[in-house]
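Below is one structure, written out as structure tokens, with a few remarks after it.
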Amino acid sequence: MFEEVLNKFIIIEGVSSATIIRDNGELVESQKTGDVDDSQLAAVISFVLEESKSMASKLGKEPLSMVFIEFRDHILLSAPLKEHIFIVLIAKPTANIAQINLELKKNRERLSQVI
Amino acid sequence: MKKMIKNLPEGTSIGEMRASLQWILSHTARFAGLVLVTIQGSHGFILINMGKPLVYYFRHGQNVLKGHTAYEYFQSQPFIQFELRKYTALELTLALGIASAAEPAPKQPESNKTANGVTDKVLAEPEKSSAPETISESGNNQVALEEDEGNQSVYEMDTSDYSVFAKETVSYLGLPGKATMPQDDDNDPALFPHVPLRTIGKLLDTKKTDIGDLILGQIINLPGVLAVTIFRRGLNVLSIGEIDPDNLVDVAEDLINSAKGLSSVMRTGPFIQVTLQIPAGNIIIAPYYDEYVCILTSPGINLGQIRKIIRELPGNEPTEKTWEEP
């Protein structure tokens with residue numbers, strides 16, 4: 001089920017990886033192309049988790065909908081699916097962000113239901 | 001009105017009670033948030049930051065009271081039914097932006113005239129304008145006032161500690177480095193760099209000779225943009241819009257550090273921008289000259305439009321020197 005949904009992101013041109021993780025670092029599911037190094041991916045995931053928690057506490061009651069970080073060579077999009085569970089997408093900057101956002105909106109509820 | 005309150009951050013309800021306006025103001029010295037007011041079935045609010053009222057607003061049917069007029073109305077009531085809603089720093093920033101971006105009251109054309117009056121006063125040549133509208137030069141902090149001399153307060157501006165960029169912007173806008181600027185409304189803080197969006201947008205839009213300033217003007221005038229702040233090394237350099245820049249800079253710094261940490265573990269190339277999306281709006285941060293620009297927007301703004309502007313900001317070319325300590 002996860003694989004099917006994550007594939008919807010991977011097939012978008014430019015998307016390098018789509019990963020679902022728990023906030024304790026446990027990997028739920030991951031789909032990626034060969035462009036992303038595993039060690040880098042693990043570092044990115046733990047970093048995103050830590051910063052998301054930190055930001056959530058700073059914002060108080062305001063729930064975090066999405067964090068989008070853009071670099072020259074990569075973009076990273078992180079969004080909570082459910083309490084303690086996040087999806088992290090890594091893509092090239094030429095990827096269609098609107099399409100990624102659309103897939104996220106379409107599949108977020110579906111993903112959170114099966115988690 | 002209901003839509004206005006609905007758009008404001010929810011905050012944390014502390015409780016409800018009845019009291020006079022003076023009691024409310026004297027007992028909210030350590031309170032930051034919203035005072036939701038109900039008078040004879042109609043609603044309003046006071047936005048307070050640690051005892052300092054930032055916005056007064058009240059609506060009865062089609063009649064909208066803002067600023068000093070609303071204050072006077074509240075003061076005329078022996079008792080006001082109100083609810084206290086505590087805000088975080090970010091909620092307060094967003095609420096202030098939303099409240100200041102609300103449409104002007106239909107029966108208060110004076111507010112529109114006030115905005116134009118501020119613009120006119122800022123652009124006026126000191127030697128050409130009449131005494132009441134002159135912005136005084138350094139060393140003379142008195143602004144002669146005509147009819148409203150007893151009612152207008154003033155702000156002082158001193159750019160001696162501004163960054164090069166901020167000083168150039170002040171100069172570009174024709175504002176003296178040290179001046180006393182008239183304040184037209186209690187809720188229209190004309191203290192530069194905290195200039196109301198409509199004023200700075202109009203000022204920058206009329207000058208199209210510098211691409212950097214034109215782009216800044218474009219950002220401010222974009223629909224949904226609530227505020228823009230330039231910061232460096234944790235310090236606010238220039239703020240445009242009615243926000244608490246220090247709190248926003250605090251959040252922005254965290255985001256910058258997050259992005260910096262990511263680039264240390266991935267081959268990402270130079271940092272372009274980071275966007276934090278929450279239900280109440282968006283926070284976008286990007287390098288800008290030797291500083292960073294932080295843009296606060298309402299939820300409905302077109303992110304694609306913002307991204308395009310960010311990518312075209314001068315000083316945002318993807319070079320290795322992009323990373324500086326925020």
Side-chain angles (χ1 to χ4, degrees), chain A residues 16-17 19 32 35-80 86-102 104-105 108, chain B residues 9-13 33 85-94 247-248 250-286 299 302-304 306-307 310-311 316-320 322-323:
Chain A
S16 307
S17 85
T19 307
K32 64 185 181 75
D35 297 342
V36 179
D37 184 82
D38 279 346
S39 60
Q40 285 186 336
L41 186 60
V44 168
I45 288 172
S46 61
F47 150 78
V48 169
L49 285 175
E50 188 175 334
E51 295 306 320
S52 294
K53 288 179 191 175
S54 172
M55 193 55 59
S57 66
K58 279 266 185 182
L59 295 174
K61 284 189 63 177
E62 290 285 354
L64 196 62
S65 301
M66 184 188 69
V67 176
F68 174 78
I69 307 176
E70 182 176 1
F71 297 90
R72 183 191 63 194
D73 301 334
H74 283 96
I75 60 173
L76 181 143
L77 193 150
S78 168
F86 300 84
I87 184 168
V88 179
L89 303 168
I90 300 175
K92 295 194 183 302
T94 52
N96 189 329
I97 306 300
Q99 189 178 359
I100 294 173
N101 258 330
L102 183 61
L104 194 58
K105 287 177 185 174
R108 178 179 273 173
Chain B
E10 188 181 342
T12 303
S13 180
R85 288 186 168 268
K86 184 178 177 182
Y87 276 164
T88 62
L90 184 59
E91 285 173 323
L92 185 66
T93 298
L94 291 169
N247 287 317
L248 193 58
D250 191 29
V251 174
E253 251 199 276
D254 284 346
L255 289 173
I256 292 281
N257 288 331
S258 300
K260 188 177 182 180
L262 183 62
S263 69
S264 69
V265 297
M266 276 187 69
R267 289 180 293 273
T268 60
F271 170 67
I272 300 295
Q273 61 125 334
V274 56
T275 297
L276 184 67
Q277 195 171 73
I278 56 178
N282 305 294
I283 304 171
I284 302 141
I285 298 130
N302 185 332
L303 276 181
I306 291 285
R307 286 184 66 208
I310 292 292
R311 294 189 75 90
N316 199 30
E317 292 80 15
T319 61
E320 292 304 319
T322 301
W323 274 123

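Considering all non-hydrogen atoms of both residues, B:Ile272 and A:Phe71 come closest at CG1-C, 3.6 Å.
With rounding to the nearest 0.5 angstrom, the OG1 atom of B:Thr275 is 6.5 Å from the CE atom of A:Met66.
Only the side chain of A:Ile97 comes within contact range of chain B, judged by heavy atoms closer than 4.5 Å.
With contacts defined as side-chain heavy-atom distances shorter than 4.5 Å, the pair A:Ile69/B:Phe271 qualifies.
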